[in-house]
Amino acid sequence: MPIQPKHLDEQFAKCYGEPPRWVVRAPGRVNLIGEHTDYNDGFVLPLAIDRAIWIALRPRDDGQVSVYSIDFNQTKEFSLDNLTDEKSGWIEYIKAVAWSLQEAGLEPSGWEGILVGDVPLGAGLSSSAALEMAAARAFAAVGNFDWDPAGMAKLGQRAENQWIGVRCGIMDQLISAAAVADHALLIDCRSLQTRPVPMPSGVAIAVLDTATSRGLVDSAYNERRSQCESAAEFFQVNALRDADLELFEQLAHELDETVKRRALHVITENDRTLQAVEAMCRGELAALGTLMNKSHQSLRDDYEVSSNALDTMVECATAHDACYGARMTGAGFGGCAVALIDASAADEFAVKIAVDYQQKTGRTPAVYVCRATAGAEIITGAGG
Ligand code: ADP
Ligand code: MG
């Protein structure tokens with residue numbers, strides 16, 4: 001049974017005097033492996049986590065969208081006839097999706113409802129993509145649109161890029177829209193083809209938030225992107241996705257030392273991601289864990305996007321008996337690590353890692369033990 005936060009129906013009934021017509025849900029995500037590969041047309045392997053945004057709603061026929069956010073304790077409204085960017089916080093994500101639907105020639109209609117979530121904000125678990133995909137699911141329910149996960153993810157990405165002004169790839173929206181319960185999702189960032197990959201039984205995913213911010217990220221990200229582009233040009237391929245180790249070994253001695261290491265990360269990370277899929281399918285947890293550890297080393301030494309806090313967190317995690325492997329996840333320089341752990345020891349692991357990390361760094365981390373859930377869905381209500 002899909003989950004729903006307690007009391008959301010009741011809250012809705014209290015506000016509107018009847019039960020909601022629909023309750024929709026869209027999850028946050030964490031990337032298991034495949035880091036800094038997306039903009040190289042490569043592979044990523046995220047999973048949707050059991051933390052999500054929920055919206056309980058009913059249709060309106062006056063072209064207005066009105067939403068009460070429980071977490072912000074605010075009601076905000078806008079008219080679909082005249083979408084304007086008022087830079088007014090969380091409602092802009094819903095407006096952005098309405099705009100993107102209109103740009104795609106769909107005709108979203110109005111609704112009102114209540115919004116609540118438990119994806120931590122700004123922690124690297126993509127609460128923004130969860131909100132966008134929940135909004136898209138709501139508009140699709142009200143407008144009776146077909147739910148095409150990849151199409152809706154692209155609309156969400158466009159909303160985030162162009163309305164919110166955040167440059168992001170397709171991964172966050174696509175995993176939130178298209179995830180399958182108890183599976184990770186291999187995404188080919190060139191074709192946008194997806195393949196659900198079963199999570200081996202008996203494991204849990206721990207997201208380990210270092211409680212450090214991601215300050216350097218923008219300038220370093222742009223620099224890494226252009227280094228990858230120049231490496232692709234050097235190897236005479238469209239993107240580093242098309243280079244392999246053989247080509248690298250033939251030619252890399254002529255390449256600038258730094259660019260060479262950047263390319264090596266991307267080429268080996270794409271390989272590791274595909275190997276991780278095989279390991280998962282065969283239930284080879286030790287092999288999967290080793291790939292994650294190697295991914296971290298490559299991000300730390302060759303791509304140089306880790307940080308002391310991330311390295312310390314990964315060391316704390318991998319020192320624990322219950323941990324198969326761990327790595328930084330996300331753009332880097334702070335934010336979260338992800339660890340593959342034995343589910344039966346998850347609680348003990350979470351407590352121990354928090355203590356160890358705090359002792360070593362003086363910072364209090366957040367630890368989220370997660371399992372892989374389904375993507376955006378209607379969990380109450382008929383149709384759509
Ligand atoms: P993240 O890394 O979590 O995606 P972002 O800064 O991209 O961080 O997005 C966070 C923003 O998404 C919040 O500032 C808020 O506007 C919106 N948001 C996320 N979760 C909620 C929620 N539960 N209720 C309302 N708005 C939310
Ligand atoms: Mg975001």
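In each ligand, atom 1 is the first atom listed, and ligand 1 is the first ligand listed.
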Under a 3.5 Å distance rule, please check whether Arg60 uses its side chain to pair with a backbone N or O of Val65 as donor and acceptor.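 No: the side chain of Arg60 does not pair with the backbone of Val65.
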
Where the side chain of Thr373 meets the backbone of Ile49, is there a donor-acceptor pair that is under 3.5 Å apart?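 Yes.
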
Between Cys336 and Val30, does a side chain to side chain contact (heavy atoms under 4.5 Å, CB included) hold up when you go through it step by step? CA-CA 9 Å; Cys336 295; Val30 65; over 6 Å; no

Considering only heavy atoms of [X], which atoms of ligand 1 have at least one such atom less than 4.0 Å away?
X	answer
Phe72	24 (N), 25 (C), 26 (N), 27 (C)
Gly117	23 (N)
Pro120	3 (O)
Ile53	20 (N), 21 (C), 22 (C), 23 (N)
Asp71	22 (C), 23 (N), 24 (N)
Tyr93	9 (O), 11 (C), 12 (O), 16 (O), 17 (C)
Leu131	17 (C), 18 (N), 26 (N), 27 (C)

Go through the steps to decide whether Trp163 and Tyr93 satisfy the test ring pair (Phe, Tyr, Trp, His ring centres under 6.0 Å), and finish with yes or no. CA-CA 8 Å; Trp163 194 277; Tyr93 290 87; over 10 Å; no

Tell me the contacting part of [X] for ligand 1: side chain, backbone, both, or neither, using a 4.0 Å heavy-atom threshold, strictly below.
X	result
Leu115	side chain
Asp172	neither
Ala129	neither

Considering [options], which one's heavy-atom position lies nearest to [atom]?
atom	options	result
atom 4 (O) of ligand 1	Gly335, Ser128, Ala123	Ser128
atom 1 (P) of ligand 1	Gly28, Gly122, Gly330	Gly122
atom 14 (O) of ligand 1	Val166, Leu121, Val67	Leu121

Do the side chains of Ile53 and Tyr368 join up, straight or via other hydrophobic residues, at under 4.5 Å, putting them in one cluster?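 As far as the 4.5 Å side-chain criterion goes, Tyr368 and Ile53 are not connected within one cluster.
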
May I ask you to say whether [X] pairs ionically with [Y], meaning some side-chain N is under 4.0 Å from a carboxylate O?
X	Y	result
Arg190	Asp242	yes
Asp172	Arg29	yes
Glu35	Arg327	yes

Can you check whether Val116 has an N/O within less than 3.5 Å of an N/O in ligand 1?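 No, no N or O pair falls under 3.5 Å.
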
Does the structure place the NZ or CZ of Arg58 under 6.0 Å from the centre of the six-membered ring of Trp22, at an angle of no more than 45° from the ring's axis?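 Not flagged: Arg58 not positioned over aromatic ring of Trp22.
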
Just wondering, is there an N, O or S atom on Ser128 that's nearer than 2.8 Å to the Mg ion (ligand 2)?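 It does; at least one qualifying atom falls short of 2.8 Å.
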
If you define the side chain from C-beta out and look only at heavy atoms, does anything of Arg272 sit under 4.5 Å from Lys294?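 Yes, side chains in contact.
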
